[in-house]
Amino acid sequence: MKLKTRLVIAFFTIIIIPVLMAAMMVSMVCRYQIGVVEKNYGITGTTISDFTNSMQVLARVTEKPYHELKDMSEQASEMEDATELDQFNKKLENKNAYLLVRKDGTIVYTGSDDDRVKAVIEQLPEYGDTDTTSENGIYLGGDAEALVKQVDFRYDDGNKGSAFIVSDVSNVIPEVGQFFCEILIGIVVILILTSAALIIWIYRAVMGPIGKMQTAAQNIKDGNLDFELKPEADDELGKLCQSLEEMRGRLKESAEEKLKYDKESKELISNISHDLKTPVTTIKGYAEGIIDGVADTPEKIDRYVRTIYNKATEMNTLINELTLYSKIDTNKIPYNFNIVSANEYFNDCADDLSVELAAQNVGFGYFNYVEKNVRIIADPEQVKRVIHNIVNNSLKYMDKPKGMINLRVKDVGDFVQIELEDNGKGIAAKDLPNIFDRFYRTDASRNSSTGGSGIGLSVVKKIVEEHGGKIWATSREETGTTMYFVLRKYQEVPVNE
């Protein structure tokens with residue numbers, strides 16, 4: 001789940017869940033308190049709307065006492081009996097109310113000693129001024145703060161009498177106060193629980209991935225790249241974890257490539273040093289022979305000088321290989337691509353090879369199966385380097401009395417395929433997949449006849465691939481090797497008018 005979605009859910013959860021839970025809690029608490037009030041005060045049929053209105057609750061609480069008072073007032077003698085009045089007043093005390101009795105304007109009974117009784121007495125309605133019932137009363141404001149129900153009657157002597165049930169509004173029944181207190185506490189608890197649940201939910205969704213990323217960053221900082229950071233979800237943080245994992249992978253690949261490069265560089269220096277040592281030693285020995293007079297005839301001197309020249313040429317070849325390797329490694333090989341006729345180009349290459357191989361007493365065969373109008377996109381100089389590197393590699397491992405190299409050029413659809421076949425000693429099956437790797441050598445002896453840096457075929461592969469082609473080989477031991485590579489044809493694309 002995306003972080004944005006989580007925040008939207010959290011927003012609506014904060015709004016909806018507390019409201020729903022608060023409504024449920026208010027309903028449950030209200031029903032509970034209604035039951036308590038009805039049980040304690042002997043009333044029935046109380047609703048939630050009644051319960052939330054303290055005046056209505058107070059009026060309902062004194063309904064039954066009102067009817068009892070009305071019955072008492074019909075027996076005037078009871079209204080003059082202090083004992084009866086006290087007993088009735090005790091019933092009212094349980095309902096948060098008290099009794100007042102007035103006779104001809106004089107208060108003859110007071111059921112409370114509260115300081116506000118005087119204020120209530122001052123605001124009591126006159127005989128016959130009101131028509132209160134069991135369900136409603138008169139509210140007295142100011143200092144009185146009371147709900148009054150009035151019952152008018154006549155004493156036995158004919159005097160006017162009024163009895164009042166006074167409910168103290170300032171001191172609402174405890175259950176109502178407790179109801180509002182419980183509601184307030186419940187809402188606070190609901191908000192705290194909802195917020196805590198959301199915080200835990202979001203914290204786990206955010207801090208879990210962040211903790212993993214912190215650990216991963218510390219590992220990367222310490223140079224430890226041998227770990228895997230798996231995203232837990234497909235959200236923003238999950239994508240960030242994935243990006244960090246990709247960065248770790250690339251850093252690891254870069255570090256491994258650097259180690260490989262350093263190893264190859266050391267191996268190259270070792271190879272070049274080893275291969276330079278033999279010609280340098282030879283040159284030094286023949287030069288000393290000339291200086292010391294060992295070469296005492298013109299024929300010997302000429303032979304010594306030619307040997308020195310050949311070894312110097314060999315050293316120059318090794319140095320050129322080193323320079324070329326440096327250019328390859330930094331992608332600085334200069335290319336000059338042109339549209340070249342395949343027939344003409346490979347005919348020229350065949351002419352050069354026939355002369356060169358004839359001088360080394362090696363046979364050469366040339367077979368061209370390409371139409372005259374076929375053209376390729378290539379750098380002529382670099383393709384010639386590819387052919388010569390392959391041929392030179394074949395000559396190094398030529399072990400037959402009569403060596404033979406064949407050049408074939410074929411049309412294979414969108415490409416021109418070049419095949420160079422020799423009858424040398426071949427390549428073992430275990431070595432064949434590695435011959436295009438840098439510094440890979442199938443011979444372990446590194447003698448002077450097969451010496452080299454081991455980058456010849458890797459250069460060939462690099463050049464062919466940068467021409468948009470590919471190279472591969474087949475070989476049989478003691479029979480020979482065939483190198484194949486393809487170059488892309490030049491094809492004109494018609495323009496729609």
Side-chain angles (χ1 to χ4, degrees), residues 34 36-46 50-51 53-178:
I34 285 175
V36 173
V37 169
E38 289 183 340
K39 181 179 179 181
N40 291 343
Y41 297 100
I43 60 176
T44 58
T46 307
D50 293 336
F51 192 65
N53 187 329
S54 60
M55 298 295 289
Q56 289 183 359
V57 175
L58 288 172
R60 296 283 313 273
V61 166
T62 56
E63 279 185 15
K64 186 176 180 181
Y66 178 84
H67 289 296
E68 292 178 1
L69 181 61
K70 203 166 184 63
D71 292 339
M72 287 175 61
S73 66
E74 292 177 359
Q75 301 292 330
S77 59
E78 292 185 5
M79 299 305 295
E80 294 182 305
D81 188 344
T83 303
E84 289 289 338
L85 294 177
D86 285 339
Q87 290 178 353
F88 182 78
N89 190 70
K90 287 182 179 179
K91 295 179 181 179
L92 292 178
E93 288 178 353
N94 294 331
K95 300 179 183 296
N96 201 36
Y98 59 91
L99 177 66
L100 289 178
V101 180
R102 184 179 62 190
K103 183 178 182 180
D104 276 343
T106 303
I107 300 298
V108 296
Y109 181 84
T110 303
S112 174
D113 56 358
D114 190 72
D115 294 338
R116 283 176 295 195
V117 173
K118 183 178 180 181
V120 171
I121 293 173
E122 291 175 354
Q123 297 185 50
L124 288 176
E126 297 296 328
Y127 178 89
D129 284 353
T130 62
D131 187 18
T132 59
T133 66
S134 63
E135 296 178 355
N136 59 64
I138 301 171
Y139 174 73
L140 304 180
D143 294 334
E145 291 189 88
L147 180 67
V148 176
K149 290 182 179 180
Q150 181 177 351
V151 176
D152 292 330
F153 62 93
R154 288 279 183 174
Y155 283 98
D156 290 338
D157 58 4
N159 290 325
K160 297 176 181 178
S162 297
F164 303 92
I165 296 176
V166 182
S167 300
D168 188 358
V169 175
S170 65
N171 185 18
V172 182
I173 60 176
E175 288 78 8
V176 175
Q178 186 176 356

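Nothing fancy with the numbering, it's 1 onward along the sequence.
In plain terms, the two heavy atoms of M79 and L69 that are nearest each other are CE-CD1, 4.1 Å. The nearest pair of heavy atoms linking Y98 to S112 is CG-CB, 3.5 Å. Heavy-atom minimum distance, G128 versus D152: N-OD2, 2.9 Å. Minimum interatomic distance between E145 and R116 (heavy atoms only, all atoms of both residues): OE2-NH1, 4.0 Å. Scanning all heavy atoms of the two residues, the minimum distance from A146 to V166 falls at CB-CG1, 3.6 Å. The two residues A97 and I165 come nearest to each other via the heavy atoms CB-CG2, 4.3 Å.
Atom CD of Q150 and atom OH of Y66 lie 8.5 Å apart (nearest 0.5 Å). Between S73 atom OG and R154 atom CZ the span is 13.0 Å, to the nearest 0.5 Å. For the atom pair OG1 of T110 and CG of N89, the computed distance is 9.5 Å after rounding to the nearest 0.5 Å. Residue S162 holds its OG atom at 8.0 Å from CD of E126, rounded to the nearest 0.5 Å. Atom CG of L92 and atom OG1 of T62 lie 8.0 Å apart (nearest 0.5 Å). Taken from NZ in K149 to CD1 in I138, the straight-line distance is 11.5 Å, to the nearest 0.5 Å.
Residues V120 and L124 have side chains in contact (heavy-atom distance under 4.5 Å, counting atoms from C-beta outward). Between K64 and K95 the shortest side-chain heavy-atom distance does not fall below 4.5 Å. Counting heavy atoms from C-beta on, the side chains of N94 and K90 never come closer than 4.5 Å. Using a 4.5 Å heavy-atom cutoff, the side chains of M72 and L85 are in contact.
Not one N or O on the side chain of D143 forms a donor-acceptor pair closer than 3.5 Å with the backbone of A119.
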Output side-chain donor-acceptor pairs under 3.5 Å for residues 99-108, partner residues at least two apart or in another chain, one line each.
unit_1	atom_1	unit_2	atom_2	d
R102	NH1	P125	O	3.1
R102	NH2	P125	O	2.7
K103	NZ	E80	OE2	3.4
K103	NZ	D157	OD2	3.3
D104	OD1	K160	N	3.2

